[in-house]
Amino acid sequence: MTYRAVERRPLPWREPLAVAAGLRDRDGALALLSDGGPLGRWSFVAADPDRVVIEPVEAGLDRLRDPDFANGVVGLLAYDAGARPATGQREAVWPDLMLARYPAMLAFDHRTRQAFAVGRGVDAGAARIAADTALVWLAAAPDDPVTPPPPSTRLDPEAPGAAYEAAVADVVARIAAGELFQANIARAWTGELQVGADPFDVLLRLADRASAYGAFWRLGDRAIVSNSPELFLTLDGDRIETRPIKGTRPRDPDPIRDAALAAELQMSAKDRAENLMIVDLMRNDLARAAAPGSVAVESLFDVEPLPTVHHLVSTVTARAAPGVGPADLLEATFPPGSITGAPKHQAMKVIATHEPPRGPWCGSLFHIEDGRLTASVLIRTAAFEREGEVWRFRTLAGAGIVADSDPSAERAETEAKIRALREALTGP
């Protein structure tokens, strides 16, 4: 049934991570955790969805056009759901589409330090009951969740580093032959958590490295932990925004050296060219869902420092065409151009020659609330599946390969990108 009523109650501030820790074992436990920075004003915590959908997406995203999924909805689109038409890969290592609708949710405004209990229902009475539930969650939150020890002892590469360098060299050769301009090639690592540990422990260990689009989500025997800094899409009213990341340097503990690395990234002709290619690709993708002439580049080549890396980021905006909603926008642009390459379809074909299916990694986690869509790119993300008493996990890191890419340097970039998750899983 469609939600027709909503109740919002202002509440005293509590740390969202602490509230999420109190719900970690509940069905559908969810935490969309922002760092409170310029891009991450809001965090959301919830549990106990009243509707869950897990299905393939061959027929498109019509579920998101259903009025029953217009509010209080969180979803995950696996990378392979978008890549399959170009690559022909049929194996599914993760569901194409996961959706859950939450009648009760807690929202946290980092800017004003205000929390809100949000209840939704078929009528005012049901919305009031849902808001009461969210209020109980907030009151029961632990004051200070304890950071657990490393939950795993190993993070094993699926293939040797030399194989990744050979894949990079192959892509460079394909670019030289005119087959494509850029492809994002990834490496994968796997492992398992120790008995008694669970994926939420990984989120707790990432707390001091919070990102704009951090997340924990568990449905049944599957879970993800994401520390993504990358916005895929927002749709707010008729305003569309995307912020592709291309270009990376590791952070350095020496402030002088760290500033030099940031300046080097800012001025790198290679990284600027790589970033610009994806900006052009995203302009083209957005144009499929935008009012004619409304696509614009708001900023190019901004350096954003994160705890373990510097990134080069650009911002592209547009005005949605009449009638365009979240499903239309996702269908026009998925998977994200920053983790495929250019031209997009050819890049996905090349990726498929070097990688098995990616699963949720480099797909998108999205939240729909009152018609507003926020979707992240699932980089810096680990996917977990429970087998008996043990959670097994897989995580990846990639690099954009262009004509002058050096295989060893691209391999080093993947090591820098996986560092935060590696340390959260296995320790320094």
Under 3.5 Å donor-acceptor pairs involving side-chain atoms of residues 115-127, not counting sequence neighbours:
| residue | atom | partner | partner atom | Å |
| --- | --- | --- | --- | --- |
| R120 | NE | E369 | OE2 | 3.0 |
| R120 | NH2 | E369 | OE2 | 2.6 |
| R120 | NH2 | D370 | OD1 | 2.8 |
| R120 | NH2 | D370 | OD2 | 3.2 |
| D123 | OD1 | G125 | N | 3.2 |
| D123 | OD1 | A126 | N | 2.8 |

Heavy-atom closest contact ([X] atom, [Y] atom, distance):
X	Y	result
A420	R209	CA-NH1, 3.0 Å
A262	V303	O-CG2, 3.9 Å
L396	A188	CG-CB, 3.8 Å
V402	K270	CG2-CE, 3.8 Å
I240	R319	CD1-C, 4.4 Å
A397	K417	CB-CB, 4.1 Å

Just wondering, do [Y] and [X] contact through their side chains at under 4.5 Å, heavy atoms?
X	Y	result
L330	L64	yes
N227	T381	no
P103	I129	no
L17	V45	no
E415	P250	no
E241	L231	yes
N71	V6	no
P229	E304	no

According to the ring-ring contact (aromatic ring centres under 6.0 Å, His included) rule, which pairs have a member within [range], sequence neighbours left out?
range	result
residues 203-242	F200-F216
residues 62-98	none
residues 22-44	F44-H367

Can a cation-pi geometry be assigned to R101 and Y3, taking NZ or CZ under 6.0 Å from the six-membered ring centre and within 45° of the ring axis?
yes
From [atom1] ([X]) to [atom2] ([Y]), nearest 0.5 Å:
X	Y	atom1	atom2	result
T234	R243	OG1	CZ	10.0 Å
M282	K344	CE	NZ	6.0 Å
I339	R358	CD1	CZ	5.5 Å
R272	L312	CZ	CG	7.0 Å
L378	C362	CG	SG	8.0 Å
K349	E179	NZ	CD	9.0 Å

Any donor-acceptor pair under 3.5 Å from [X] side chain to [Y] backbone:
X	Y	result
T333	L329	yes
S338	P244	no
R249	Q266	no
D96	E55	no
S364	F366	no
E230	I245	yes
S228	V377	yes
E355	A186	yes

If you apply the rule side-chain hydrogen bond (donor to acceptor under 3.5 Å, both in side chains), what do you find for D258 with H310, and how did you get there?
CA-CA 9 Å; D258 191 59; H310 295 286; 3.0 Å; yes
[X]: what forms a side chain to side chain contact (heavy atoms under 4.5 Å, CB included) with it, not counting sequence neighbours?
X	answer
R205	T147, P148, P150, P151, A424
A342	L281
A167	I185, H354
F384	L193, P199, V202, A223, V225, A382, W391, F393, L425

Tell me whether R24 at atom CZ has more than 12 heavy atoms from other residues, nucleotides or ligands lying less than 6.0 Å away.
yes
In terms of heavy-atom contacts, does CZ of R392 have more than 12 from other residues, nucleotides or ligands at under 6.0 Å?
yes
Let me know which of L300, L276, T242 forms a side-chain contact (heavy atoms from CB on, under 4.5 Å) with S314.
L300
Set of side chain to side chain donor-acceptor pair (under 3.5 Å) partners for T340, sequence neighbours left out:
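T340 satisfies side chain to side chain donor-acceptor pair (under 3.5 Å) with no residue once adjacent residues are dropped.
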Step-by-step salt bridge (charged side-chain N to carboxylate O under 4.0 Å, His left out) determination, K246 to D271:
CA-CA 7 Å; K246 273 296 164 197; D271 289 294; over 6 Å; no
Begin from the C-alpha positions of E413 and R187 and carry the test salt bridge (charged side-chain N to carboxylate O under 4.0 Å, His left out) through to its verdict.
CA-CA 11 Å; E413 182 173 317; R187 304 170 61 194; over 6 Å; no
If you look only at pairs with a residue in residues 127-138, which of them pass as a side-chain hydrogen bond (donor to acceptor under 3.5 Å, both in side chains), with sequence neighbours excluded?
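Found R9-D132.
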Salt bridge (charged side-chain N to carboxylate O under 4.0 Å, His left out) for R394 and E158? Distances and angles first, verdict last.
CA-CA 9 Å; R394 185 173 189 255; E158 284 188 345; 2.7 Å; yes
With sequence neighbours left out, what residues match E298 under salt bridge (charged side-chain N to carboxylate O under 4.0 Å, His left out)?
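By the salt bridge (charged side-chain N to carboxylate O under 4.0 Å, His left out) rule, E298 matches R239.
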May I have all residue pairs that pass salt bridge (charged side-chain N to carboxylate O under 4.0 Å, His left out) and include part of residues 371-381, sequence neighbours excluded?
D236-R372
Just do the salt bridge (charged side-chain N to carboxylate O under 4.0 Å, His left out) check on R65 and D62 with the steps written out, would you?
CA-CA 5 Å; R65 297 182 176 93; D62 284 344; 2.6 Å; yes
